[in-house]
Amino acid sequence: MPKLVVTLPEAGGEQTFELTEPTVTVGRLPENTLQIDDPSVSSRHAQFTLGASGNYEIKDLGSTNGTRVNGAHITETGLNPGDRLRLGKIEAVYLSDVGGSASGGTAEAQPLPAASAPAVALSATAARGKPADFANASPFAKRTKEKDPAGRAILVFAAVSLLLFAVALVCVFMLQPPANLGS
């Protein structure tokens, strides 16, 4: 049976997950079949699909930090026993008793260190449907408002100038001619 061995060095080593469904989603949200609670993993990071050979294929779902198989950045590829996967900063090894040529990786390969201690758990209700929100779905960083002191000074100067001009106009219209011009 195909398995995914996820390496979590700071959270207790490795956890093994049997891939039993024809389609398995991996990501940070609980709606995924395999939930990996790590900031480097996207909310819906990747999808495993059972192929005709009995081995799974992996497809990146537009994740922010990408998906790698044996060190190569992929969008979609078939998996062979012993392939090393990287989902964001999380490493995993694909194991299967189904025939297939190992593509260079082994189950005993040393994992790369993770940045933090993520928690991995199978979702109790692998609900299919819309995510709860799209707050972290954008691949672009949130823009912060930059302070522009020169632009602000120009706006203040323009506002003060318009106010002074309005006051000057009022004063001009309030002027009265002198009463004894002809005497």
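By convention here, the first residue in the shown sequence is residue 1.
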For the side chain of [X] and the backbone of [Y], is there at least one donor-acceptor N/O pair under 3.5 Å apart?
X     : Y     : answer
Asn65 : Ser40 : yes
Asp83 : Asn70 : no
Asp60 : Gly62 : yes

From [X] [atom1] over to [Y] [atom2], what is the distance, rounded to the nearest 0.5 angstrom?
X     : Y     : atom1 : atom2 : result
Glu57 : Thr23 : CD    : OG1   : 10.5 Å
Glu91 : Glu14 : CD    : CD    : 10.0 Å
Ser43 : Leu61 : OG    : CG    : 9.5 Å
Arg86 : Thr7  : CZ    : OG1   : 10.0 Å
Ile58 : Thr77 : CD1   : OG1   : 9.0 Å
Lys59 : Glu76 : NZ    : CD    : 5.5 Å

- Members sharing Phe165's hydrophobic cluster, built from side-chain contacts under 4.5 Å between Ile, Leu, Val, Met, Phe, Trp and Tyr, are Leu169, Phe173
- Each residue besides Val170 in its hydrophobic cluster should be listed here, by chain and number; the cluster joins Ile, Leu, Val, Met, Phe, Trp and Tyr at side-chain heavy-atom distances under 4.5 Å. Met174
- Message: Just to verify, what does Tyr94 make a side chain to side chain donor-acceptor pair (under 3.5 Å) with, not counting sequence neighbours?
- Response: Asn55
- Message: If the condition is side chain to side chain contact (heavy atoms under 4.5 Å, CB included), which residues does Thr20 pass it with, not counting sequence neighbours?
- Response: Met1, Glu18
- Just jot down the side chain to side chain contact (heavy atoms under 4.5 Å, CB included) partners of Val160, sequence neighbours excluded, or say none. Val156, Leu164
- Item | Shortest non-hydrogen separation from Leu85 to Val93 and the atoms involved | CD1-C, 4.4 Å
- Note on the structure: Residues Leu29 and Gln35: closest non-hydrogen pair is O-CG, 3.7 Å
Let me have the donor-acceptor pairs involving side chains of residues 45-52, under 3.5 Å, with sequence neighbours excluded, atom names and distances please.
from	atom 1	to	atom 2	distance (Å)
His45	ND1	Ser42	N	3.0
His45	NE2	Ser63	OG	3.4
His45	NE2	Gly66	O	2.9
His45	NE2	Thr67	OG1	3.3
Gln47	NE2	Thr49	OG1	3.4

- Which of these, Thr25, Leu19, Leu4, Leu87, sits in a side chain to side chain contact (heavy atoms under 4.5 Å, CB included) with Leu34? Leu4
- Please assess Asn32 against Val26 for the test side chain to side chain contact (heavy atoms under 4.5 Å, CB included), listing each intermediate value before the final yes or no. CA-CA 6 Å; Asn32 292 292; Val26 178; 5.8 Å; no
